[in-house]
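Structure first, commentary second.
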Amino acid sequence: MRNILRILARIALLLVLAAVVVGIWKREELSRLMAVNSLFSEDRIVRNFSSMDQLFFARTMPRGDGPVAPLPKGPAMALPEGTDGWIADRAVTSLVVLHDGALRYEDYYLGTGPEDRRISWSVAKSFLSVLTGIVIDDGAIDSLDDPVTKYAPELRGSAYDGASLRDVLQMASGVEFDEDYLKFSSDINRMGRVLALGGSMDGFAASQQKRAGPAGKTWRYVSIDTHVLGMVLRGATGRSVIDLMQEKLIAPLGLEADPYYVTDGFGTAFVLGGLNLRSRDYARFGQMVLQDGQWQGRQIVPADWLAESTVPSAPTADGAEKYGYQWWMPRDAAEGEVYGRGVYGQYLYIDRARDVVIVVTSADRQFREDGINDGNIAALRRIARAAAGG
């Protein structure tokens with residue numbers, strides 16, 4: 001009996017030692033997995049959204065050697081009645097308003113500040129749309145109707161075989177993808193675990209086999225479509241999205257601080273939601289879009305691409321929000337009204353008619369509840385009217 005007890009004790013000790021060794025060996029992977037599981041916790045979400053580079057793989061994009069492009073200050077504006085309550089209810093962390101290119105309002109909440117580089121989530125998709133227009137103008141892509149497999153052959157045999165570049169730009173790939181953030185087993189959460197554990201986003205995209213319908217026929221919000229768009233840009237140019245973004249957009253915009261992308265374990269940018277900038281730098285990008293791609297006397301993005309990509313074109317359902325090339329428009333959009341939108345309440349709202357750009361970052365854990373997005377758009381419209389003088 002004593003011998004058996006000694007053997008069991010030794011086995012237990014070996015198991016403990018093995019667990020310690022594995023814990024040390026896989027410490028970073030376990031830390032990132034724990035970060036995913038607690039990323040949106042009520043007591044951590046605000047801090048996490050300002051420090052994604054401390055939780056995941058990340059790569060910085062140097063802002064360049066040029067001077068910071070100034071945002072001239074305009075007269076301070078008063079926020080419309082009720083906005084303070086909306087800011088509190090929606091856990092807003094920053095609000096920046098430009099009118100006629102001048103800074104009219106700027107404030108930070110819940111312990112955040114102007115130097116925070118906040119996670120964009122799906123607002124990053126609109127940045128990639130703009131970069132796509134530049135790459136097309138450079139001649140690296142022949143047509144939006146080219147199949148994605150022409151530039152990303154690793155997608156042959158996957159659910160993306162047969163989808164065009166236009167299809168993924170419009171979220172009309174036909175790929176079946178569960179975007180339920182609250183379900184542990186959903187595709188979007190499986191993707192998050194791949195990212196956290198240092199897996200390959202390219203491999204994850206190529207592993208998709210289920211289809212909801214034919215490509216180009218029905219709009220369905222599928223975040224992995226945007227990663228496929230990034231694969232196309234990389235295949236067409238032979239360069240990383242990070243290098244392209246830095247050269248074509250970041251350096252010309254004269255940002256205040258080096259932005260960064262969250263990446264997978266192979267250094268591939270998490271293009272569908274991993275871009276991190278200061279709030280004023282999001283506003284600079286939005287102002288450039290409002291100005292038809294011009295910034296500081298330079299045409300950064302072709303004006304005709306912005307005209308094409310920021311109007312409704314995707315096959316969305318009647319009465320639903322409208323969609324272009326990785327940009328949103330309200331269901332009752334006024335001419336020139338467009339926005340990038342990310343989970344948990346991130347917005348880059350542009351009202352061309354009023355010459356207004358609004359940046360909102362948030363940590364809103366109720367963002368998916370019925371009526372929240374409509375209420376946010378209504379609040380942004382009220383702020384835009386106030387900025388433009390009524």
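- With a 4.5 Å cut-off on side-chain heavy atoms, L380 and I377 count as touching.
- Side-chain contact check for K210 versus F177: every heavy-atom pair is 4.5 Å or farther apart.
- A distance of 8.0 Å separates CD of Q208 from OG of S158, quoted to the nearest 0.5 Å.
- The number of heavy atoms from other shown groups lying within 6.0 Å of CD (Q366) is above 12.
- By the 6.0 Å contact criterion, CG on D43 is enclosed, its count of non-hydrogen atoms from other residues, nucleotides or ligands being greater than 12.
- Between D243 and R239, no side-chain nitrogen of the basic residue sits less than 4.0 Å from a carboxylate oxygen of the acidic one, so the salt-bridge criterion is not met.
- With rounding to the nearest 0.5 Å, the separation of CH2 in W121 from CG in L275 is 12.0 Å.
- Geometrically, R193 engages F184 in a cation-pi contact, judged by NZ or CZ lying under 6.0 Å from the ring centre and within 45° of the ring axis.
- Atom OG of S207 sits about 11.5 Å away from atom CE of M191, to the nearest 0.5 Å.
- Between E179 and R220 there is no salt bridge, since no side-chain N of the basic residue sits under 4.0 Å from a carboxylate O of the acidic one.
- Side-chain atoms of Q294 never come within 3.5 Å of backbone atoms of I300 as a donor-acceptor pair (strictly under, hydrogens ignored).
- Between I87 and Y109 there is a side-chain heavy-atom pair separated by less than 4.5 Å.
- Salt-bridge annotation for R381 and D332: present, with a side-chain N of the basic residue lying under 4.0 Å from a carboxylate O of the acidic one.
- L55 is listed as a side-chain neighbour of N48, based on a closest heavy-atom distance under 4.5 Å.
- Annotation: side chain of V271 is not in contact with side chain of L233 (no heavy-atom distance under 4.5 Å).
- In this pair, F40 and Y344 present their aromatic rings parallel. The plane angle is below 30°, not in the 30 to 60° band.
- Note that the CG atom of D178 and the CD1 atom of I188 stand 9.0 Å from one another [nearest 0.5 Å].
- Here the side chain of Y260 pairs a donor or acceptor atom with the backbone of M52 at under 3.5 angstrom.
- Residues T112 and V46 form a side-chain contact, since some pair of their non-hydrogen atoms from C-beta on lies under 4.5 Å apart.
- Salt-bridge annotation for R117 and D281: absent, with no side-chain N of the basic residue lying under 4.0 Å from a carboxylate O of the acidic one.
- Looking only at side-chain heavy atoms (C-beta outward), R211 and V175 come within less than 4.5 Å of each other.
- Aromatic rings from Y221 and W328 are positioned such that their centres are separated by under 6.0 Å.
- The side-chain heavy atoms of P330 and Y339, taken from C-beta on, include a pair separated by under 4.5 Å.
- In this structure, CG in L195 is found 12.0 Å from CG in N189, a value given to the nearest 0.5 Å.
- The aromatic rings of Y323 and W219 sit tilted relative to each other, their planes meeting at an angle between 30° and 60°.
- For the atom pair Q326 CD and T132 OG1, the distance stands at 7.5 Å (nearest 0.5 Å).
- Follow the hydrophobic side-chain contacts under 4.5 Å out from I372 and you never reach I383; the two are in separate clusters.
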